[in-house]
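Notes follow once the structure below has been shown.
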Amino acid sequence: MRHLIIGNGPAGVVAAETLRKRAPEDEIMMLGAEPEPPYSRMALPYLLVGSIGEDGTYLRKDANHFAKLGIAQQRARATAVDTGKREVRLDTGEALPYDRLLIATGVTPNRPPIPGIDLPNVLACWTLDDARKILAVAKPGAEVVQMGAGFIGCIIMEALAARGVRLTIVETGNRMVPRMMTEGAGAMIKTWCERKGIHVRTGTKVASIAPRGDRLAATLEGGDVLDCDVVISATGVRANIGFLDGSGIACEHGVLVDHRMQTNVAGVYAAGDVAQSPEFPSGQRVINAIQPVAVDEARIAAANMSGGSAAMVGNLAMNVLDTVGLVASSFGQWAGVPAEQGGSSVEVRNDGTFRYIRLEFRDDVLIGATTLGVIDHVGAIRGLIQGRVKLGRWKQELIDNPTRLMDAYLACAQRAA
Ligand SMILES: Cc1cc2nc3c(=O)[nH]c(=O)nc-3n(C[C@H](O)[C@H](O)[C@H](O)COP(=O)(O)OP(=O)(O)OC[C@H]3O[C@@H](n4cnc5c(N)ncnc54)[C@H](O)[C@@H]3O)c2cc1C
């Protein structure tokens with residue numbers, strides 16, 4: 001059996017290792033398009049801060065790790081998949097045959113279509129090469145404008161702030177982290193960042209960037225001009241699926257897969273950021289681009305590729321973010337559901353201490369939550385949502401005091417168990 005894995009990020013690597021454990025005799029080939037050993041993008045902020053070197057980002061530290069496991073690697077970009085002939089064409093001109101194929105190509109940052117986006121020193125922060133460029137120009141004291149304050153944007157912001165640059169964040173939404181945080185929490189994060197000396201401009205966007213001497217001038221929609229040395233673009237991502245055009249593999253925002261990570265084509269699977277997989281509990285297929293989901297999906301895909309039978313319960317949206325010292329989290333259907341579908345919520349906030357909890361219910365089941373400054377309830381929130389635990393009278397107890405999550409979990413989940 002020949003297993004071909006396109007992509008050597010966390011999903012590709014974990015799939016290759018899982019396959020090797022389950023199928024000692026099978027051939028495994030892992031392709032990677034970048035000129036680096038397999039590495040973790042989520043380690044790049046630590047590289048920017050200086051707490052690790054480049055080798056600290058490598059997913060496996062032993063240079064011979066994959067060779068020892070009999071996992072072949074090739075540096076090449078897949079350019080097309082012929083599902084009839086069961087082969088993948090590469091930018092080297094070669095075609096590689098497969099019996100089982102895993103697509104684990106991840107996502108690529110969007111480049112907003114604005115004048116000046118291709119200027120030097122307008123950089124993304126997605127690859128090891130991007131990080132090298134940022135290290136060269138975002139020196140302490142440099143002025144940096146960052147476009148985008150989403151989940152990844154806030155992680156990059158934290159690293160840049162720690163480098164001692166002077167930072168302005170420009171976010172189109174009316175608050176920070178708008179696709180992960182409620183209005184209340186997003187607004188509090190903005191206030192927190194401003195108190196830490198970061199300028200935050202919400203509800204606007206960079207309309208153009210132009211050279212000004214050896215620096216840059218970023219012009220906002222309303223006409224304000226921000227002089228800076230570097231512009232960082234963190235305005236969302238798109239799945240790397242272009243090479244699948246004409247393959248017959250069904251895609252929407254990403255590669256569409258079922259609970260087994262199987263695509264619509266027999267023998268072809270997808271995992272990681274590129275996969276659009278069923279979410280918990282709605283079953284709708286979404287991209288949940290975080291590393292724990294990527295590796296869970298990779299294990300499931302590899303189990304099925306090697307003849308087993310494994311299925312996800314569905315990926316639960318679960319994001320924990322440390323924004324310059326303020327820990328924020330959101331879970332499940334944090335934006336809630338309408339009252340006519342049984343939706344209700346409770347929100348408590350303390351702007352002085354930056355503590356915030358909002359809980360979302362459908363009937364008497366917790367379906368989502370957003371928190372700031374509260375980290376001791378993470379396990380209870382996850383357990384209540386994933387277990388679809390019926391709260392009974394504990395729903396009212398939580399409405400009266402949402403911080404009693406652990407009591408509710410112990411009383412309801414354990415009773416059910
Ligand atoms: C700065 C930053 C910070 C982050 N922080 C966190 C965090 O704190 N927590 C968290 O959970 N997640 C974080 N993430 C997200 C996390 O890195 C991703 O969820 C994870 O990398 C997904 O793994 P993957 O294997 O699916 O994709 P990737 O890691 O993107 O790997 C895909 C690989 O496929 C290769 N490839 C693409 N196209 C082709 C092709 N056609 N042919 C061959 N190879 C190809 C790519 O070069 C790449 O090596 C962060 C991301 C960034 C950029």
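Both backbone and side-chain heavy atoms feed into the values below; hydrogens, waters and symmetry mates do not. First listed ligand is number 1; within each ligand, the first listed atom is number 1. Throughout, residue positions are numbered sequentially from 1 according to the sequence presented.
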Q: Just let me know how Asp273 lines up against ligand 1, side chain, backbone, both or neither, with a heavy-atom cut-off below 4.0 Å.
A: both

Q: Could you tell me whether Ile155 approaches ligand 1 through its side chain, its backbone, both or neither, with non-hydrogen atoms closer than 4.0 Å?
A: side chain

Q) With respect to atom 23 (O) of ligand 1, which of Ala124, Pro10, Gly9, Gly153 exhibits the smallest heavy-atom separation? A) Pro10

Q: For atom 50 (C) of ligand 1, find the nearest protein heavy atom and state the residue, atom name and distance (0.1 Å precision).
A: Ile152 CD1, 3.3 Å

(Q) My understanding is that we take every heavy atom of each candidate and find the minimum distance to atom 32 (C) of ligand 1. Doing that for Gly242, Ala104, Gly12, Gly7, which one comes out nearest? (A) Ala104

Q: Using the side chain to side chain donor-acceptor pair (under 3.5 Å) rule, pick out the option among Gln284, Glu252, His253 that qualifies with Gln276.
A: Glu252

Q. What part of Ala33 sits under 4.0 Å from ligand 1 if we count only heavy atoms: the side chain, the backbone, both or neither?
A. both

Q) Quick one: are Ile117 and Pro112 in side-chain contact, heavy atoms under 4.5 Å? A) yes

Q) Taking non-hydrogen atoms only, is Asn8 closer than 4.0 angstrom to ligand 1 via side chain, backbone, both or neither? A) both

Q) Using a distance-only test with no angle check, is there a side-chain donor-acceptor pair under 3.5 angstrom linking Tyr356 and Glu347? A) yes

Q: Please state which part of Ala298 comes within less than 4.0 Å of ligand 1, counting heavy atoms only: side chain, backbone, both or neither.
A: neither

(Q) Looking at Arg260, is its backbone amide N or carbonyl O close enough to the side chain of Asn304 to form a donor-acceptor pair, meaning the two atoms are under 3.5 Å apart? (A) yes

Q: Specify the protein heavy atom at minimum distance from atom 17 (O) of ligand 1: its residue, its atom name, and the distance to 0.1 Å.
A: Arg41 CB, 3.4 Å

